[in-house]
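Step one of this worksheet: look at the structure below.
We name chains A, B, ... by the order of the sequence lines, and we start the count at 1 in each one. These numbers come from the heavy atoms of this one structure, side chains and all, not from hydrogens, waters or symmetry mates.
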There are 2 protein chains.
Amino acid sequence: MARAATTSDAFNAIAEPRRREILTLLIVRERPVNEIVAELRLDQPSVSKHLRVLRDVGLVRVRCDGRRKFYRTNAEAIRPLHEWAAAFERYWSHQLIRVKERAERAAAQESK
Amino acid sequence: MARAATTSDAFNAIAEPRRREILTLLIVRERPVNEIVAELRLDQPSVSKHLRVLRDVGLVRVRCDGRRKFYRTNAEAIRPLHEWAAAFERYWSHQLIRVKERAERAAAQESK
DNA sequence: ACATTACATTCCCATATAGGAATATGTCAA
DNA sequence: TTGACATATTCCTATATGGGAATGTAATGT
């Protein structure tokens with residue numbers, strides 16, 4: 001089998017750096033497509049395709065107004081990612097403590 | 001261009017569900033490959049290949065002991081993901097507040 | 001009606017899988 | 001040495017891109 005589709009879930013969708021940039025841009029406020037194009041300096045079709053992926057997994061929402069479409073990030077859809085990563089939080093704290101302790105022991109050793 | 005390599009960064013590496021399972025398993029304690037195989041019921045070559053990807057992006061570390069290799073999750077490498085997602089945290093809080101307020105207004109309207 | 005603006009979709013292609021099967025490499029035990 | 005055990009790598013293949021170019025579609029202005 002090949003790699004899972006980018007639209008299979010938020011984890012796959014955010015693997016693409018451009019899509020993360022779009023999400024960061026659209027969390028501040030909604031924007032029409034041409035503004036995203038101008039801001040990120042990407043081709044319009046490229047932006048539309050990324051937005052399609054983001055929309056498919058619920059990471060962005062659209063509001064239509066005439067011929068313009070305003071997109072905005074749906075923060076709620078990023079929560080699962082945050083929670084998955086947060087489960088490791090206490091471990092890196094521990095690792096930092098261990099690193100700190102080791103450094104302190106080394107410093108104490110050195111000063112002898 | 002095709003999709004970025006799974007080894008290009010942690011975001012791409014964790015897009016694969018099996019790799020996330022491996023990371024969750026190996027955060028508790030280090031384990032030799034055959035234990036991962038048994039625990040997750042995957043083929044050994046598959047596990048080795050996933051571990052290779054995880055190792056390339058620094059998400060796991062190895063300790064060799066005779067013919068066995070003990071892998072463990074390097075929590076520190078998950079931190080960037082956590083921080084990226086955390087930047088959206090306050091927005092979903094806001095969204096939740098808005099949803100709550102809307103629900104309350106609707107309820108108030110209904111009771112009239 | 002017609003040109004223009006704003007987006008979306010389609011086609012083509014080079015590239016990177018992930019899984020399965022087979023094989024290679026490295027280490028220990030008798 | 002030889003065989004068993006533990007892990008890694010290589011081949012093969014179907015599939016899914018992401019970028020570029022071209023085209024489709026819908027709404028607006030004149």
Checklist entry - To the nearest angstrom, how far is B/Asp43 atom CG from C/dA21 atom C1'? => result 10 Å
Checklist entry - More than 12 non-hydrogen atoms from neighbouring residues, nucleotides or ligands closer than 6.0 Å to CZ on B/Arg68, yes or no? => result no
Checklist entry - Looking only at side-chain N and O atoms, does A/Thr6 come under 4.0 Å of OP1 or OP2 in D/dT17? => result yes
Checklist entry - What integer distance in Å separates A/Lys69:NZ from C/dT5:C1'? => result 14 Å
Checklist outcome for this item: Sorted by position of nearest nucleotide on DNA chain D, 5' first, the leading residue of A/Glu16 and A/Pro45 is A/Glu16
Item to check | Base C/dT5 to side chain A/Arg67, donor-acceptor N/O within 3.5 Å cut-off | outcome: yes
Checklist entry - Between A/Asn12 and A/Asp65, which is nearer to the 5' end of DNA chain D once each is assigned its nearest nucleotide? => result A/Asn12
Checklist entry - Can a salt bridge be assigned to the pair A/Arg3 and B/Glu16 using a cut-off of 4.0 Å between side-chain N and carboxylate O? => result no
Checklist entry - Does B/Leu59 offer a backbone N or O that forms a donor-acceptor pair with the side chain of B/Asn74 under 3.5 Å? => result no
Checklist outcome for this item: Between the CZ atom in B/Phe88 and the NE2 atom in A/His82, the distance rounded to the nearest 0.5 Å is 11.0 Å
Next on the checklist: What is the distance, to the nearest angstrom, from the CG atom on A/Leu42 to the P atom on D/dG20?
Outcome noted: 9 Å
Checklist entry - Judged by atom type as modelled, is there a donor-acceptor pair below 3.5 Å linking the side chain of B/Asp43 to the main-chain atoms of B/Ser46? => result no
Next on the checklist: Quick check on D/dA6: is either OP1 or OP2 less than 4.0 Å from any side-chain nitrogen or oxygen of B/Tyr71?
Outcome noted: no
Checklist entry - Taking CZ from B/Arg18 and C1' from C/dA18, how many angstroms apart are they, rounded to a whole number? => result 10 Å
Checklist entry - B/Arg55 near the nucleic acid: base, sugar-phosphate alone, or nothing, with a heavy-atom cut-off under 4.0 Å? => result nothing
Next on the checklist: Taking the minimum atom-to-atom distance to the side chain of B/Arg19, which one of D/dA8, C/dA18, D/dT15 wins?
Outcome noted: C/dA18
Checklist entry - How many Å lie between CZ on A/Phe11 and C1' on D/dT17, as a whole number? => result 20 Å
Next on the checklist: What's B/Pro32 touching, base or sugar-phosphate or nothing? Going by heavy atoms closer than 4.0 Å.
Outcome noted: sugar-phosphate
Checklist entry - For A/Leu51 and C/dC7, what is the distance between atoms CG and P respectively, to the nearest whole Å? => result 10 Å
Checklist entry - Taking only N and O in the side chain of B/Arg52, is any of them less than 4.0 Å away from OP1 or OP2 of D/dT7? => result no
Checklist entry - Reckon A/Phe70 touches a base, only the sugar-phosphate, or nothing at all at heavy-atom distances under 4.0 Å? => result nothing
Next on the checklist: Strictly below 4.0 Å: does B/Ser48 bring a side-chain N or O up to OP1 or OP2 of D/dT7?
Outcome noted: no
Checklist entry - Does a nitrogen or oxygen in the side chain of A/Asn34 sit under 4.0 Å from OP1 or OP2 of C/dT5? => result no
Checklist entry - In terms of the nearest nucleotide of DNA chain C, which residue is placed more toward the 5' end: A/Val47 or A/Ala2? => result A/Val47
Checklist entry - Is there a donor in the side chain of B/Arg18 and an acceptor in the side chain of B/His50, or the other way round, less than 3.5 Å apart? => result no
Item to check | base_contact_polar (C/dA6 base, A/Gln44 side chain, donor-acceptor, <3.5 Å) | outcome: no
Checklist entry - When only distance counts, do a donor and an acceptor, one from the side chain of A/Lys49 and one from the base of D/dG20, lie under 3.5 Å apart? => result yes
Item to check | Closest-nucleotide 5' rank along DNA chain C - winner of B/Ala4 and A/Val62 | outcome: A/Val62
Checklist entry - How many Å lie between CZ on A/Arg3 and P on C/dA16, as a whole number? => result 10 Å
Checklist entry - Rounded to the nearest Å, what distance is computed from the CZ atom of residue B/Arg41 to the P atom of nucleotide C/dG19? => result 17 Å
